[in-house]
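Atom set for the values below is all heavy atoms of this structure, side chains included, hydrogens, waters and symmetry mates excluded. Ligands are counted one by one from 1 in listed order, and the atoms in each one are counted from 1 as well.
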Amino acid sequence: MGASTRALSLLLLGLLLAFFPGALGTNPGLVARITDKGLEYVAREGLVALQSELYRITLPDFTGDFKINHVGRGRYEFHSLNIRSCELLGSALTPIPGQGLSLSISDSFIWAQGKWKVRKSFLKLQGSFDVQVKGVTILVNLLLGSEPSGRPTVMTSSCSSHIRDVDVDISGDLGWLLNLFHSQIESKFRKILESEICEMVQKSVTSDLQPYLQTLPVTTEIDRFASIDYSLMEAPQATAQMLDVMLKAEFFNHHHRSPVAFLAPVMSLPEEHNRMVYFAISDYVFNTASLVYHEAGYLNFSITDDMVPPTSTIRLTTKSFRAFVPRLARQYPNMNLELQGALVSAPLLNFSPGNLSLAPQMEIEAFVLLPSSTKEPVFRLSVATNVSAMLTFNTSTSKLTGFLKPEEIRVELKESKFGVFNVELLEALLNYYILNTLYPEVNDKLTKGFPLPLLKHIQLYDPVLQIHKDFLFLGANIQYIRV
Ligand SMILES: *[C@@H]1O[C@H](CO)[C@@H](O)[C@H](O)[C@H]1NC(C)=O
Ligand SMILES: *[C@@H]1O[C@H](CO)[C@@H](O)[C@H](O)[C@H]1NC(C)=O
Ligand SMILES: *[C@@H]1O[C@H](CO)[C@@H](O)[C@H](O)[C@H]1NC(C)=O
Ligand SMILES: *[C@@H]1O[C@H](CO)[C@@H](O)[C@H](O)[C@H]1NC(C)=O
């Protein structure tokens, strides 16, 4: 491809991205993976939540007629039923590839108590009863999705519950009579409970689980101008042993969001199952952050003589430059200089196995500060350096933080109105500024870090970090902090 065809295709790509945001950017910036271990944990926590919901079930009263030889007809009523205890035991959350998740609860037990009344012509009797419900199984299929806003959604696509054994124990004067209807009463109980359980599950999914999933911070403000977009790009994908959630994970300037001209890489995630969750955080996340900060002029700087340490052999005055740029000192005697620096482009973070680095390129323009308070450009420098980066996950803040380790800089003269001169003398001054001001500023920002997309009350522990080509792979166990 010739240079002009390349330029044209880049332009076309840029236009396509501007008009159809997301059309080409089909790769997620971040994939959150919940492994079989994670699903096991979620199932256990879900069980605890459902168990407490079960206590809130209000069982309806029910009535029936009886007719017995020598005794005649009558009517019984069971009322004031309430669940005294329940124990949900075995639970499993299994992915159904291409569909969602299946939650199964088996081998559970419910104990309920209530009162009964019998009315037979003028006779009125009452007493209490106990119900032991054994071998309760519940099977719920959950359909996961995503809203246009990028928030996750959940729905029950089916629910069935089955009770193996109902044992009603009736006490009171006429208990013997009701005991004649055991099987009828028990089958009524079974029907009521089976339908109440599924109704409770459905209600709990709609009014507890869905709002909880929506605590996913779809946009998180990082600072006064940067935010991160963690919207879901599609419905979570269930595969045989895990659930993958694909998130956009893009930094943007919240005052004016512009389309990003590069795509997130395709990530091939390692098959690891040691931790409950894994986050594959692509270079896209870091590079969109770099873009936002660069566009906002975050790393633009200016150095003036008052910032030069007293011990420096060179000062930012034309006088100090006399020895090596004599013409500059002659044309502008006894004036101050100012160096204005900026990064040539947003520095990109390079991910190679086990290694993170970046190679920022800076351009520095020197100005003479004229007495008229105008600035006259006099020469331009380019500064190159290789920087290695470290990323860590802070479990107490749930943030990914960074640190840059500075290396030697290489300074070159790009352009000068006063002839070529040796820039080595300026190297020490620039090094001083970069090490003492620029790096601390950047590292201060990086130590603040950015948060991972976590649901409310979720904390990560036992983190492991790996650097792969194009992405960071963070594994951790999760803990739901009960409030
Ligand atoms: C940062 O500096 C560059 C180069 O001097 C300039 O083009 C850019 O406008 C500056 N950005 C801001 C936000 O000041
Ligand atoms: C990491 O990358 C930097 C910059 O490319 C390089 O200097 C360094 O040797 C690399 N380290 C490892 C361990 O590969
Ligand atoms: C940075 O590293 C690259 C590759 O290792 C090397 O070619 C380049 O000279 C280095 N730049 C500086 C400023 O050290
Ligand atoms: C994690 O963040 C907390 C709060 O900002 C800080 O006090 C702590 O030093 C950080 N831990 C590490 C290991 O950086």
Taking only non-hydrogen atoms of T397 and a 4.0 Å limit, the atoms of ligand 4 in range are 2 (O), 4 (C), 5 (O)
Lys/Arg-Asp/Glu bridge criterion (N-O < 4.0 Å) met for K448, D223: no
Should A384 be listed as contacting ligand 3, given a heavy-atom distance under 4.0 Å as the test? yes
If we only count N/O pairs under 3.5 Å, is T385 in contact with ligand 3? no
Go through ligand 3 atom by atom and flag the ones less than 4.0 Å from a non-hydrogen atom of R410. 9 (O), 11 (N), 12 (C), 13 (C)
Could you tell me whether E53 and K203 have a side-chain N and a carboxylate O separated by less than 4.0 Å? no
If the test is side chain to side chain contact (heavy atoms under 4.5 Å, CB included), which one of T215, L232, L455 qualifies with P152? L232
Pick one: which of F262, F351, F251, Y293 meets ring-ring contact (aromatic ring centres under 6.0 Å, His included) with F286? F351
Just verifying a value: how many Å separate Y433 OH and S302 OG, rounded to the nearest 0.5 Å? 7.5 Å
R315 side chain vs V308 backbone, donor-acceptor pair below 3.5 Å: yes
For N386, the ligand 3 atoms whose distance to one of its heavy atoms is below 4.0 Å: 1 (C), 2 (O), 3 (C), 8 (C), 10 (C), 11 (N), 12 (C), 14 (O)
Please output the side-chain donor-acceptor pairs of residues 470-480 that fall under 3.5 Å, not counting sequence neighbours, one pair per line with the distance.
{"residue": "N477", "atom": "OD1", "partner": "M276", "partner atom": "N", "Å": "3.0"}
{"residue": "N477", "atom": "ND2", "partner": "D462", "partner atom": "OD2", "Å": "3.4"}

Under 4.0 Å from one or more heavy atoms of N394, ligand 4 contributes atoms 1 (C), 2 (O), 3 (C), 8 (C), 10 (C), 11 (N), 12 (C), 14 (O)
Set of residues satisfying salt bridge (Lys or Arg N to Asp or Glu O under 4.0 Å) with respect to D208, sequence neighbours excluded: none
Please produce the table of protein N or O atoms sitting under 3.5 Å from N or O atoms belonging to ligand 1, one pair a line, distance to 0.1 Å.
{"residue": "ligand 1", "atom": "2 (O)", "partner": "N300", "partner atom": "OD1", "Å": "3.2"}
{"residue": "ligand 1", "atom": "2 (O)", "partner": "N300", "partner atom": "ND2", "Å": "2.4"}
{"residue": "ligand 1", "atom": "11 (N)", "partner": "N300", "partner atom": "ND2", "Å": "2.9"}
{"residue": "ligand 1", "atom": "14 (O)", "partner": "N300", "partner atom": "ND2", "Å": "3.3"}

For residues 408-430, which residue pairs pass the ring pair (Phe, Tyr, Trp, His ring centres under 6.0 Å) check, not counting sequence neighbours? F324-F421, F379-F421
Out of curiosity, L263 CG to N27 CG, how far, rounded to the nearest 0.5 Å? 7.0 Å
Between E408 and ligand 3, does any nitrogen or oxygen pair lie at a separation below 3.5 Å? no
For S396, counting its heavy atoms only, list the atoms of ligand 4 lying under 4.0 Å from any of them. 1 (C), 2 (O), 3 (C)
